[in-house]
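The structure appears below as structure tokens.
Note that these values count all heavy atoms, side chains included, but never hydrogens, waters or copies made by symmetry.
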Amino acid sequence: DLVVKQGDPESKTFYVINSGEASILKNESKFFNDPDSLIYSNFSYEPNSATLVKKIGRGCAFGELALLYSCPRTATIRANTDMELWTLDASIFKSIKRQSASTDEQERLLLFSGIEIFSSLNETQLKSISSSSSREMFSNGETIIHQGEIGESFYVIESGIVSFHSGEDIVGECARGGYFGELALINDQPRAVTVKATTKLRCLVLSRKVFVQILGNIEEAHCFMACTSCPIFAPLNDYQLMDMASSMRIEKVRKGKVVIREGDLGKVFYVIISGQFEVRKAGDNKPLAILSRGGYFGEHALLRNDRRSAS
């Protein structure tokens, strides 16, 4: 008997095989008249020209494509033995798929919201990241990243465990909610370690292009948060602060580096996002002040068009 027939426009059921065996048969599609046309017809089932694709048995399912895309059946399913089938109506099938998609979106969002480097992003930005991610599976022992190669992706672990290798040494492990691959993208450098799956692994993956775009949003978000905690900007509203943040850039400073030197011409104003800075005048043994997050410096020389009064 034919359970499903190719070309049948009445697609109302999804099937799961409980027992028995069936063959998937397919007649090749042909284009209407013009071979360059994108419009084509799925042949109806023709026994003499149908090609066997494969045989399926207990636990296999079929019929979902026609339901998902509201199109005619794309293949024929022929029972080779007596069969027992579980069936699901199209409306229920679509409802379950929608619920599944919603749950998956929520789980992705939860994972990305727990990542430290994304902590300054709002929910809309996190949803954008989540929808831009793809899912990749890796088997136990598979190498995901090779030390020294160019980085093209950022990984967030959904399930499983990875180990980090430097040469022959294992230098760390990471499990669900952990992430890797960001340093090579942020610093535009080769991969620093080799990463291997030590169990069956499932990851959410962002491409280099998407990750770099996200970094721009993160930098602006960090600048905005710094501005909101800066007393000099207290009179400004959020829209004015956002406009200011979009014109700022983040500068990383090593411990001990002189950011401003007394006597130099002033060209830049600074707001501290993290860390501590000392303000000193030449000849003084003790600092005039110690500034931390939300602190600022460099404004006097800009306002007065004067030289820096301290280092």
Identify all side-chain donor-acceptor contacts of residues 256-267 below 3.5 Å with residues at least two apart in sequence or on another chain.
unit_1, atom_1, unit_2, atom_2, d
Glu262, OE1, Ala282, N, 2.8

Flag side-chain contact, heavy atom, 4.5 Å: Val162 against Tyr155: no
Test side-chain hydrogen bond (donor to acceptor under 3.5 Å, both in side chains) applied to Thr198 - qualifying residues, sequence neighbours left out: none
When you look at Leu201 and Asn140, which way does the side-chain contact (heavy atoms from CB on, under 4.5 Å) test go after all the steps? CA-CA 7 Å; Leu201 185 72; Asn140 186 5; over 6 Å; no
Between the main-chain N or O of Ser153 and the side-chain N or O of Ser207, is there a donor-acceptor pair closer than 3.5 Å? no
Has the side chain of Arg202 got a donor or acceptor atom that lies under 3.5 Å from a matching backbone atom of Phe138? no
Give a yes or no answer on whether the side chain of Arg176 reaches the backbone of Gly160 with a donor-acceptor pair at less than 3.5 Å. no
Looking at Lys281 and Ser309, would you say the former's side chain and the latter's main chain have a donor-acceptor pair under 3.5 Å? yes
Glu84: partners by side chain to side chain contact (heavy atoms under 4.5 Å, CB included), with sequence neighbours left out: Asn18, Ser19
Remaining members of Val4's ILVMFWY cluster at a side-chain heavy-atom cut-off under 4.5 Å? Val3, Tyr15, Ile17, Ile24, Val53, Ile56, Phe62, Ile77, Met83, Leu85
Under the 3.5 angstrom rule, does the side chain of Gln6 hit a backbone N or O of Asn27 as a donor-acceptor pair? yes
Roughly how far, to the nearest 0.5 Å, is CZ of Phe164 from SG of Cys174? 4.5 Å
Qualifying residues under side chain to side chain contact (heavy atoms under 4.5 Å, CB included), relative to Leu2, sequence neighbours excluded: Lys5, Tyr45, Thr76, Arg78
Check the hydrophobic clustering (I, L, V, M, F, W, Y; side-chain heavy atoms under 4.5 Å; chains of links allowed) and say if Phe154 and Leu204 are grouped together. yes
Are Ser23 and Asn80 linked by a side-chain donor-acceptor pair shorter than 3.5 Å? yes
Does Leu288 share a hydrophobic cluster with Ile290, counting links as ILVMFWY side-chain heavy atoms below 4.5 Å and allowing steps through other members? no
From CD1 (Ile170) to CD (Glu168), nearest 0.5 Å: 10.0 Å
Could you work out, with side-chain hydrogen bond (donor to acceptor under 3.5 Å, both in side chains) as the rule, every residue matching Ser133, not counting sequence neighbours? Arg108
Side chain to side chain contact (heavy atoms under 4.5 Å, CB included) filter on Ala175, not counting sequence neighbours, yields Ile161
Common cluster, Val156/Val193, ILVMFWY with side-chain heavy-atom separation under 4.5 Å: no
Locate the shortest heavy-atom distance separating Ser139 from Ala197; write the atom from each residue and the value. O-CB, 3.5 Å
So does Gly167 get a backbone contact from the side chain of Gln147, meaning a donor-acceptor N/O pair under 3.5 Å? yes
Nearest heavy-atom neighbours spanning Gly148 and Pro190: O-CB, 3.4 Å
Which distance, rounded to the nearest 0.5 Å, do you find between the SG of Cys60 and the NZ of Lys55? 13.5 Å
Which residues, ordered by chain and number, are linked to Met137 in its hydrophobic cluster, where ILVMFWY side chains connect at heavy-atom gaps below 4.5 Å, directly or through other members? none
How close do Arg191 and Gly181 get, heavy atom to heavy atom, and via which atoms? NH1-O, 2.8 Å
Report the C-alpha distance between His165 and Val171 in whole Å, list the side-chain angles of each, state the deciding distance to 0.1 Å, and finish with yes or no for side-chain contact (heavy atoms from CB on, under 4.5 Å). CA-CA 6 Å; His165 302 253; Val171 295; over 6 Å; no
Salt bridge (charged side-chain N to carboxylate O under 4.0 Å, His left out) filter on Glu278, not counting sequence neighbours, yields Arg280
Please list, chain by chain and in numerical order, all residues satisfying ring pair (Phe, Tyr, Trp, His ring centres under 6.0 Å) with Phe297, sequence neighbours excluded. Tyr270, Phe277
In Å, rounded to the nearest 0.5 Å, how long is the span from CZ of Phe14 to OG1 of Thr87? 10.5 Å
Which pairs pass salt bridge (charged side-chain N to carboxylate O under 4.0 Å, His left out) with one or both residues in residues 136-148, sequence neighbours excluded? none
Worked check of side-chain contact (heavy atoms from CB on, under 4.5 Å) between Leu111 and Tyr179: CA-CA 10 Å; Leu111 275 175; Tyr179 55 91; over 6 Å; no
Name all residues meeting the side chain to side chain contact (heavy atoms under 4.5 Å, CB included) criterion together with Thr143; count only those two or more places apart in sequence or in a different chain, and write none if there are none. His146, Thr194, Lys196
